[in-house]
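Report on the structure given below.
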Amino acid sequence: MSAEKAKADRRRQARVQGAWNSGPARRSGGGVKQTNKVDGGDASSAQQKPQVPAANQEFVFDGSVSEVLAREAELASKPVTVDKDGDYELSIGRNDVKAVVQMRQKFLSDAENRRLLAELNRLPWQQRMGLDQGGQPYQEPRETCWFGRPYTYSHVKWEATDDSWPQFNSVMCNRYRDGKDKIGWHADDEPSLGRQPVIASLSFGETRRFMLRRRDCRVQTLRPLIGDPITVPLQSGDLLVMRGSLQEDWLHSVPPEYHDKESRINLTFRVIEHSPNEQLCLRPGPEDNENKQVTLSARPGQMQAQLCCYRPRPQTQLLVGTVLDDPKRERGTVIGSPISAAKRFELGSPGPRSHEATGLAERHEAMTVYGREARPRRPRAEPILSFRPARYRLHITELNSTPSSSAPAGFSAQQ
Ligand SMILES: O=C(O)CCC(=O)C(=O)O
Ligand SMILES: [Fe+2]
């Protein structure tokens, strides 16, 4: 059977097993259930592709993952617009974590929106220089402003409504002065945001198109079918929340417009878990013997990563070198070569994007890295993110050696 025919068969099968309806989602035992609430787009292209859903209908699916993928592919084969309030499940990612956008139109009242917009225009906007992927400098095609920890902007208050809402501690501000200003395809997937971050975006001023497109496809053969972007027209006062695997599996952008546009301001509220290469400078105070520790990252119901610094008894010969993991004791211990001078520690979790933190330890001071399980708030499902001491790499270099120097002084260990 040719690949084309196999694809067509899969799509036909998905059509037979799934059914569009306008009522509430049907419960089913077992299988994969996916509820999509998407608009179908314009009528002319709907004619070419007969299985496109009508506006506001729901698709309830009982079937295998490959059938769901075929269904997704069919949906993605024509442009989709997210322009109504609702929670949109765009795809199912690793560990069955869904990529979700939540739309709340007119989240802010017009009066509140106007008042905030006037205030926002007075922020210290800058047009900053960045480096593109080839390392070439470029000027950002919009104005930006950042408020990180501590969070000082106080006009927008977020009350947690349930424990899946994080306590935002930072906000990225973008000002698109006219239709030419834009932000290119990207995902907010920096290590400092943690895995599967919740990002809340508030828009002010001119309506602009926020676009979403699949970064990749889990089933290679479907790749050509997954590609048309989803359009989210973001109007003044709209709240859009990105969560789940959205940053892993999707890219987003605000493209330039080819007709006149007024200025638009967008705020994206985020949780910065830690800054890469942050100097933790964990040192027990000279006078006291107090141990110090810092939490690198913590998520409700999941492992907490901590870096702990303590002053051992004077007669202890301190050894530094690798991180041992003892799941029973739930801690890693730093052992190895003796510390003779101040050392720099770089702590990173493995994987394509490593989370890194740097700590300092002086003679007679020890660093311990450990993860401990936070008390789960709800029954633990498949963990989305777990920090396990055994998976940490600990690099030890002399303080005065540059990070890029080939072989670190001392030694470098990887579990
Ligand atoms: O302007 C927007 O709606 C999106 C901004 C954005 O994606 C970002 O700041 O990362
Ligand atoms: Fe973004």
Side-chain angles (χ1 to χ4, degrees), residues 81-83 85 88 90 99-108 113 116-117 120-121 123-133 138-148 151 153 156 166 168-215 229-257 261-273 275-276 353:
T81 306
V82 169
D83 59 359
D85 270 10
Y88 297 79
L90 303 182
V100 175
V101 289
Q102 297 173 294
M103 171 68 114
R104 300 290 180 271
Q105 286 177 317
K106 294 283 172 208
F107 179 77
L108 299 175
N113 199 264
L116 284 167
L117 182 57
L120 289 169
N121 270 313
L123 293 181
W125 295 102
Q126 304 174 54
Q127 204 175 356
R128 305 208 42 198
M129 296 296 293
L131 290 184
D132 68 17
Q133 284 183 345
Y138 73 96
Q139 196 168 42
E140 283 189 320
R142 64 190 176 282
E143 293 178 321
T144 53
C145 182
W146 169 261
F147 296 89
Y151 177 38
Y153 186 72
V156 179
F168 296 109
N169 61 18
S170 307
V171 59
M172 173 87 227
C173 315
N174 286 295
R175 181 158 68 174
Y176 305 86
R177 292 158 297 181
D178 54 29
K180 294 193 197 73
D181 274 3
K182 59 179 181 177
I183 188 164
W185 288 111
H186 70 282
D188 297 307
D189 59 355
E190 289 79 16
S192 55
L193 292 170
R195 294 273 303 279
Q196 291 152 354
V198 177
I199 297 179
S201 141
L202 264 182
S203 295
F204 301 85
E206 184 66 274
T207 302
R208 290 288 295 261
R209 285 174 309 140
F210 179 86
M211 311 292 285
L212 284 157
R213 74 182 298 169
R214 280 292 280 266
R215 188 200 277 272
I230 292 175
T231 306
V232 189
L234 286 180
Q235 302 176 46
S236 205
D238 286 357
L239 167 71
L240 183 83
V241 180
M242 301 180 266
R243 63 195 316 158
S245 53
L246 195 88
Q247 308 298 337
E248 276 172 10
D249 295 343
W250 293 71
L251 299 173
H252 57 268
S253 71
V254 177
E257 303 277 346
K261 283 278 176 189
E262 294 294 313
S263 127
R264 164 180 184 261
I265 288 178
N266 173 263
L267 308 180
T268 45
F269 296 85
R270 302 142 187 256
V271 180
I272 302 295
E273 288 187 347
S275 305
R353 300 183 212 100

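These numbers were taken from a predicted model, which means no experiment stands behind them. Order of appearance sets the numbers: ligands from 1, and atoms from 1 within every ligand.
- For atom 9 (O) of ligand 1, the closest non-hydrogen atom on the protein side is Asn174 ND2, 2.7 Å.
- In this structure, the protein non-hydrogen atom closest to atom 1 (O) of ligand 1 is Tyr176 OH, 2.5 Å.
- Residue Thr268 approaches ligand 1 through these ligand atoms, each under 4.0 Å from one of its heavy atoms: 9 (O).
- Where the criterion is an N or O separation shorter than 3.5 Å, residue side chain and backbone included, Ser203 fails it with respect to ligand 1.
- Protein-derived N/O/S atoms nearer than 2.8 Å to the Fe ion (ligand 2) total 3, waters excluded.
- Scanning the protein heavy atoms around atom 8 (C) of ligand 1, the nearest turns out to be Arg270 NH2, 3.5 Å.
- Counted within 6.0 Å of NZ on Lys106, heavy atoms from surrounding residues, nucleotides or ligands total more than 12; the atom is thus considered enclosed.
- Distance from atom 3 (O) of ligand 1 to its nearest protein heavy atom, with residue and atom name: Arg264 NH2, 2.9 Å.
- Not one N or O on the side chain of Ser201 forms a donor-acceptor pair closer than 3.5 Å with the backbone of Thr268.
- By the 4.0 Å heavy-atom criterion, Arg208 is excluded from the residues contacting ligand 1.
- The shortest N/O to N/O separation between Ser201 and ligand 1 does not fall below 3.5 Å.
- The side chain to side chain contact (heavy atoms under 4.5 Å, CB included) test with Leu202 singles out one residue from Asn113, Leu239, Leu240, Asn266, and that residue is Leu239.
- Remark: Lys261 NZ is packed, more than 12 non-hydrogen atoms of other residues, nucleotides or ligands lying under 6.0 Å away.
- Using a distance-only test at 3.5 Å, with no hydrogens or angles considered, a donor-acceptor pair links the side chain of His186 to the main chain of His252.
- Near Asp188, the atoms of ligand 1 lying under 4.0 angstrom from a non-hydrogen atom of the residue are 10 (O).
- Not one N or O on the side chain of Glu206 forms a donor-acceptor pair closer than 3.5 Å with the backbone of Arg264.
- Residue Gln127 places its CD atom among more than 12 non-hydrogen atoms of other residues, nucleotides or ligands, all under 6.0 Å distant.
- Arg209 places no side-chain N or O within donor-acceptor distance of the main-chain N or O of Ser253, the cut-off being under 3.5 Å.
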